[in-house]
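Notes to accompany the following structure.
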Amino acid sequence: MRISEISTPDLRQGSQHPQSHHNHFLSQIDSLIKQTENFSHANHLPETIPSDLRQNLTQLTQLVPFPNSVNLQIWKLSYRLWNACVDIANAATIRPSSSTSINENHAALRHVAADMLSLAGDVVGVPSPAIKSASFYYKTGLIWHDLGKFDLASTCFERATDIVSKIDITRISDSGERKLLLDLNLARARTAWEVSDRNLAMTLLNRAKNMLFGTSDHYKMLAVQYLVFGKSLLSKNEANAYNDALKLLNEALDLCQKGCSASRTREQTVELKELRSKVLRFISAVHLQKGEYESVIKCVRVLREGGGGDGGDHHASLPVLAMKAWLGLGRHEEAEKELRSMVVSKAIPEGVWVSAVEAFFESAGTAGAETTKGLFLGLLGRCHVSASAAVRVAHRVIGDCVGGGEGSRVRAKVVAELVSDDRVLALFAGEAAAKERKAMHAVLWNCASDHFRSKDYMTSAELFEKSLLYIPYDMENRILRAKGFRVLCLCYLARNQLDRAQEYINEAETLEPNTASAFLKLKIYLQKGNHSGAINQIQEMKACLDFTPDFLSLSAHEAIACRAPSVAVASLSNLLNFYTSGKTMPSTEVEAFRTLITILNTDPGNESEVLKFMKWAHGRVSELGCESFFGKGEVGRQEQKWFAVNSWNFGIKCGKEKNYELCAEFLRLIPEFYANLIDGQEKESSAMVCKSLILTVSAIIASENQKKVALEDIQVKNAAELLDKAGKMLKSISMEAQFDDDKISAIEPEFVFIHTFSAYDIHGRIDNLASQQQLHLVKSFASSKTCNPKYLLQIGLSASRGPRSNPEVATFALNECLSAFLSSPSPDYQDVALIVRTLIAVTSIHKGDSDDDAVHKMYKQAYRIMVGLKDGEYPIEEGKWLAMTAWNRASMPVRLGLVDVAKKWMNIGLELTRKVLGMETYRACMEDFVAEFEKRFHLQNNG
């Protein structure tokens, strides 16, 4: 009976039925299924339908149990939904979609259909409902498995397993239902295997042995699954992979044997025997990997005696397995027999034969060289020993074996001996074999080139030499012979056999003098350490007719590799002269300059040369423009930055080495390199330009002091212009940093100080109102955030000394500095003492006796500073100096009878001695003198 023929109450009459809730949800499900049926393609299916169906089914499930009529309705709805899914799937095969979400929606619909069928359960009038429900889950699980949703696939398979577990297996007679039970277990095993649950997978495979029902196809299915799992383990290269894989393969082999016993037709037996042979080949391969060579031989013997049918297995891999096993056992004679059988058999692919030869060489080593040579000649015999056949076979053997390693070298040696054999050479004599001769030369040349690239220069040289045997001695081929001599020169250069290399390059120059030969001679000079000869060879190379600037670039690279910087510099210097010639150049001009400067920087003392090329590069920038010289975009920005940064680095280096003249020259270039900025680098470069301007003037002043030669007026004026430009940039940068909080482009405080210090010096030379302008400059600096007492101390000391001293600036700077030091939690009294001494000196020198009170105030201030300090905290020597100089200042007033002035200085001197350690004797003498002085003064007044 068909399901559609079973009568069902009309859903529209459900409103009067007691089970109206059932009908409501069924109506909703029916509506959603109708929507699904209306969509013939998954691309148009709304994504909400699966979730809506699942929600209604969940609510319907809460109303169980159902009468048979409701179960039948659910059953029909399930089949309608399933059939709609089938239609969608069929449409997808015609118009495939790559959308994973669409495929998942399709799987979700099938999952809902399976759940609906399971919910309906047993329905009266429906045959085998459990099998049908399990089938829905099984097919849905397969779809989830293909989508990689292994958890959902496992859920489906487990539900199906629960359903069929209630069925008595012994009563199942239908072959399709039996196959479903086996398929279900195998599917569960595959899913468990995918999530690395191997124990469950093996348990399920073992259970499947109870579901074979004596059918050979079932045995084959289970055996194939064991084989698949075994191959999977082998591909993972895990620690116990070989042992575990062997167990699985043995299970597959046992199933194949049992399946043969259960076979009913010859075709079934042949299929199982073929599968058995395949399993045996894998088993033998596993034994080979494990080093169980005896087992490999046994497997191969079984296969050959009757593994793949009545006539035995003659698979191409068997002689390879056997040969490798014999080699593993150290029985080279048997391995050679297998190898010879492979050569004779036309069924063995050449690639397999080459692999076997590699294995034979790996084991037999040099002892197998002659054997392989004989085999090679045997192959030529099979090709009727014609020139074309010899080329074809040589190309096969060499082309497949090149790649480095001892085996590759031995094979190349065998081929080299073969092609130099007189019998083989005779095949290529005469004009008739001209084409084959060129082909053999190409085979040997390419093989030699491969060995050269793998740095096997000995083998490469041997093959290149043998390739010369296939070049006729005539005028037409002299260029090709010269090329061969040049590559042989390279081989012996690489092996450091310089005299042999010299012989070959001389031969090449005799046949064809050109730039390549001249370049190789240069390489020989470099490797011999003859740098002057190499530099002279550059000029000879330039005189060649086929010369191109590329050889100069190559010469520079070779010189760098040979650690010959002088030759590299000579090559690149010559290369730079060609950038105005209009020729095609090997690199951009900026790269050549950058490389040259980098080379010069490797050795100290080349700063003058570096400056010369820096200026040369700047001149080219002026001629070509920034983008033409440096390049466009980010590349151009990086190149421009490189030259500016290196000018900075060289300038700073020269400054540290007290080479101030070069320092100024390098730093002066930085604004020039940044004169024409690319793509808005102003903000990035402005800080460096500003600092370079400041340090340039500082270096000029330092150079003047070093050489003790006063700057000329034009130099002073130029320095003033640089400082003025730097000052404007400082203000601009400070404003930007203040508003943008840009710490990267801000100027460090020490550069603001150097600018102030240099401006103080330069302005003092050119301005009639220098004193006031200098004072204004220092006051402005003192009020800035970048100022600190150490900077003011340097300005104050500088202003107090030298021919261009400024007492006002010195007094201001030192007083500001003193206040800052004293306000510090832990003042540096060494600096405080220095400031006090300097202020006293400045006041004394520039005000003299006209302002004795000002000097006295300085001493009083020093005394107040010393009050409360620990012994020795104020520098003792400075304290003694203060006490002694204050006391000495009283000597003149004493002589002149200026009693009050004398007492003033004697008192401050005496007070200072009380604050200084080690002045007890001086203080006692001073006190005696003061007492005597007061006594004498008192007597004079009373007399």
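In what follows, residues are counted from 1 in the order of the sequence shown. Side chains are part of it too, since the values below use all heavy atoms of this structure and drop only hydrogens, waters and symmetry mates.
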Note, M202 side chain near L248 side chain (heavy atom, < 4.5 Å): yes
field: Short side-chain to backbone donor-acceptor contact, S118 and A114, under 3.5 Å
entry: no
- prompt: So Y79 and F136, would you call those rings parallel, tilted or perpendicular, with 30° and 60° as cut-offs?
  reply: tilted
query: Any idea how F157 and Y138 line up, ring-wise: parallel (<30°), tilted (30 to 60°), or perpendicular (>60°)?
result: tilted
task: Determine whether M221 and K179 make a side-chain contact, defined as any pair of heavy atoms from C-beta on separated by less than 4.5 Å.
output: yes
field: Any L246 side-chain heavy atom under 4.5 Å of K290 side chain
entry: yes
field: Test applied, salt bridge (Lys or Arg N to Asp or Glu O under 4.0 Å); reference residue, E338; option that passes from K324, R331, R304
entry: R304
- prompt: Is the closest side-chain heavy-atom distance between I88 and T36 below 4.5 Å?
  reply: yes
message: Can a donor-acceptor pair be found, under 3.5 Å and without considering hydrogens, that links the side chain of S277 to the backbone of K273?
response: yes
- request: Examine H287 together with Y293 and report whether their ring centres are nearer than 6.0 Å.
  value: no
- prompt: Between S449 (side chain) and W445 (backbone), is there a donor-acceptor pair under 3.5 Å?
  reply: yes
task: Taking the side chain as every heavy atom from C-beta outward, state whether C447 and V415 have any atom pair closer than 4.5 Å.
output: no
Pairwise side-chain contact, Y470 with V419, heavy-atom cut-off 4.5 Å (strictly under): yes
